[in-house]
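Below is one structure; the comments refer to it alone.
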Amino acid sequence: PLDDASYGLIDALQVRGLLPDLPVLERPYTVTRIRHALSALDTTALARVPRTWVRRLARAIAKYDDGRGAWDRRGVDATNRGEPVAREDATAMSLHVNAGLMATAQTSGIRELMLADSATGLHPGSNVRGLLGVGPLVAAFRFKGDQSLTADPEFSGFEGGLAGSQRGGPGIAGRAEEGYVSVQFPLVELFGGRVSRNWGPPAYDGLLLGRAAWSYDHVLAKIGNDRLRFTWLTARLNDFQAVDRWFTARRVSTRLFGLEMGFSESVVYSGVGRGLEWALSSPIVPALNGMYNDNEAANYNMAFDVAWPTRAGLFTAQSFVDDIQLDGTTPKPPMYGLTLAADGLPLAGPHRLFATYTEVSNLAYRNTTPSDVYTQNFVSLGRGFTDHRELRAGLDLALLADATLRPYVAARWQGIGTYRNPFPPQADWPLLRDILEPPIMTVARIGVQSTWVTGTGFEVTADVGLNHVTTVNYVPGTRRTA
């Protein structure tokens, strides 16, 4: 899952040119895929700290062992790749259940720390996992009890039982973070259930498909391999009052000579009693065909992303266009997003530099049909906030064997626009700014991100820093440092 500490180690290894078998632009990874990538590394050629990170990553994913035995290990030894699986290995079933305690210390209930609020607290939590493996079939379930959700103004889950809710009543927060059945073959994967996904550069949540909305139930199919893969995803979204809502995303990705590229489209459509419509949600035919040949109304979006690993670093980019119009009606204001990232730039020895930039326009994810807004449970299916620009730069230091260290400085310009507001009337379109609708809140942050995994399995992820804010909560003339 995308909230696991293992991704901090994966990021640190990928930007140093390691784990080249793992795609950069599509997450999550399967445990099998990570194991195979680790097995291809010659750890004797690595410096001490990256070599220890490899061992810590193997330790971090051990809790997701589904017990598939020889089926799961076929590709680990290069000399045995493609070796047939014995009948007893293909039919053996294994069930693993484990649990762990966790705690969250925070000074902000909002997950986007550049827009941090003042909800301070220390919150207990727990994870309970169940993993079933039999041949190519995997079933998994994780319940996450996390009291920090009671302080998150974006979390809309059920609460009840304990004092401390930010929304006026006592609350306990917990949710089924993952729960799915998946059949995984070399060229085909079929999935049904819930898990968070991200398409695009890992420096930020994806613009077309990200993890801001937490996990939600969906079906997914993948056909192909890393050279050429097609992905189809469909979900029934939460109702908008009495209106039924549907979401479909498709992606074609390729990786040739180390260059990874992906083109994605997505569509949100809705209506009272409106069911799944194959003209828009077909696994084969693009939704654009259904909109303009079958006259289907929908919120249509496109994205293109690329990852280019070189000796000079890992360069990634994503562009996003929202609510594309081809019907000759009055053009809407531009609705778009952009992400640029340069990671793993050489510094000294195993240490690296990084720099990122992103912007999302004022009206992104909104729609003139209110129920076609690009959200699940009132949180964006892509990036969690709109109407902003952000620039970030820092160091990626290989100083500690058990931990990654990424000190950084960041600046953000945040306009008042949000997808939770209705789409403005057409008469106001000429007056709107494409991005940074005033008043503009500015945030300067200095901080450090770290992932710490010990040999005993103790894990910590942290982002600690100090924000200096002007025009606090869009009130001109105000300042705050915290």
Side-chain angles (χ1 to χ4, degrees), residues 8 11 104-123 148 151-155 166 201-205 207 210-212 337-343 345 347 351-362 364 379-380 383-397 399 403-421 433-452 460-482:
D11 289 339
T104 302
Q106 62 184 29
T107 57
S108 171
I110 297 176
R111 292 170 291 167
E112 174 52 75
L113 295 182
M114 295 296 287
L115 302 177
D117 58 21
S118 57
T120 300
L122 177 62
H123 304 283
S148 68
D152 191 332
E154 294 184 308
F155 182 67
Q166 290 278 307
Y204 296 97
D205 285 346
L207 293 165
R211 62 176 185 173
L338 175 68
T339 295
L340 303 171
D343 278 295
L345 307 177
L347 179 58
H351 308 302
R352 298 292 187 267
L353 298 166
F354 69 90
T356 62
Y357 174 80
T358 191
E359 68 177 49
V360 185
S361 69
N362 179 7
V379 181
S380 169
R383 185 71 58 80
F385 292 87
T386 60
D387 200 18
H388 68 268
R389 290 189 172 119
E390 181 178 310
L391 181 64
R392 182 175 298 218
L395 308 176
D396 191 332
L397 303 176
L399 293 175
T404 64
L405 286 175
R406 287 171 63 93
Y408 65 89
V409 293
R412 185 180 181 114
W413 298 265
Q414 178 70 54
I416 201 169
T418 171
Y419 52 81
R420 295 186 178 94
N421 291 337
R433 296 189 58 170
D434 296 347
I435 191 170
L436 301 183
E437 184 73 15
I440 300 169
M441 180 168 59
T442 61
V443 184
R445 178 175 174 84
I446 181 170
V448 59
Q449 296 174 325
S450 180
T451 298
W452 180 32
V460 176
T461 58
D463 189 336
V464 181
L466 184 69
N467 288 5
H468 178 69
V469 187
T470 59
T471 317
V472 180
N473 295 328
Y474 311 106
V475 179
T478 59
R479 296 176 181 271
R480 182 181 69 198
T481 300

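Of the possible donor and acceptor atoms, one in the side chain of N467 sits under 3.5 Å from a partner among the backbone N and O of L113. In this structure a side-chain-to-backbone donor-acceptor pair under 3.5 Å is present from Y474 to G415. A donor-acceptor distance shorter than 3.5 angstrom exists from the side chain of T404 to the backbone of T451, with no hydrogens or angles considered.
Remark: T386 pairs with no residue by the side chain to side chain donor-acceptor pair (under 3.5 Å) rule, at least two apart or across chains. By the salt bridge (Lys or Arg N to Asp or Glu O under 4.0 Å) test, R352 is found to be paired with no residue, residues two or more places apart in sequence or in another chain being considered.
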* To do: Step by step, work out the side-chain contact (heavy atoms from CB on, under 4.5 Å) result for L466 and T481.
  => CA-CA 7 Å; L466 184 69; T481 300; 4.0 Å; yes

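Here R433 contributes atom CZ and I416 contributes atom CD1; the two are 13.0 Å apart, rounded to the nearest 0.5 Å. Between the OG1 atom of T442 and the CZ atom of R479 there is a distance of 7.5 Å, given to the nearest 0.5 Å. Note: T358 OG1 to L338 CG = 6.5 Å, rounded to the nearest 0.5 Å. Atom CZ of R111 sits about 5.5 Å away from atom CG of D152, to the nearest 0.5 Å. L347 CG to F354 CZ: the interatomic distance, rounded to the nearest 0.5 Å, is 12.0 Å. To the nearest 0.5 Å, the span separating CE on M441 from CZ on R480 amounts to 8.0 Å.
Heavy-atom minimum distance, S148 versus Q106: CB-OE1, 3.6 Å. Contact between Y408 and V448 at its shortest, heavy atoms only, is CE2-N, 3.7 Å. Closest non-hydrogen pair, Q414 versus D387, comes out as NE2-O, 3.2 Å. For V360 against R383, the heavy-atom pair with the smallest separation is CG2-NH1, 3.8 Å. Between G109 and A119 the shortest heavy-atom distance is N-CB, 3.5 Å. The shortest heavy-atom contact between D117 and I110 is OD2-CG1, 3.4 Å.
Residue pairs meeting the salt bridge (Lys or Arg N to Asp or Glu O under 4.0 Å) criterion with at least one member in residues 403-419, sequence neighbours excluded: E112-R412, D343-R406, E390-R412, D396-R406.
Under the 3.5 Å distance criterion, with hydrogens and angles disregarded, no donor-acceptor pair is assigned to the side chains of S380 and Y419.
Looking only at side-chain heavy atoms (C-beta outward), R389 and L436 come within less than 4.5 Å of each other. Side-chain contact between D463 and R445 is present, with heavy atoms from C-beta onward closer than 4.5 Å.
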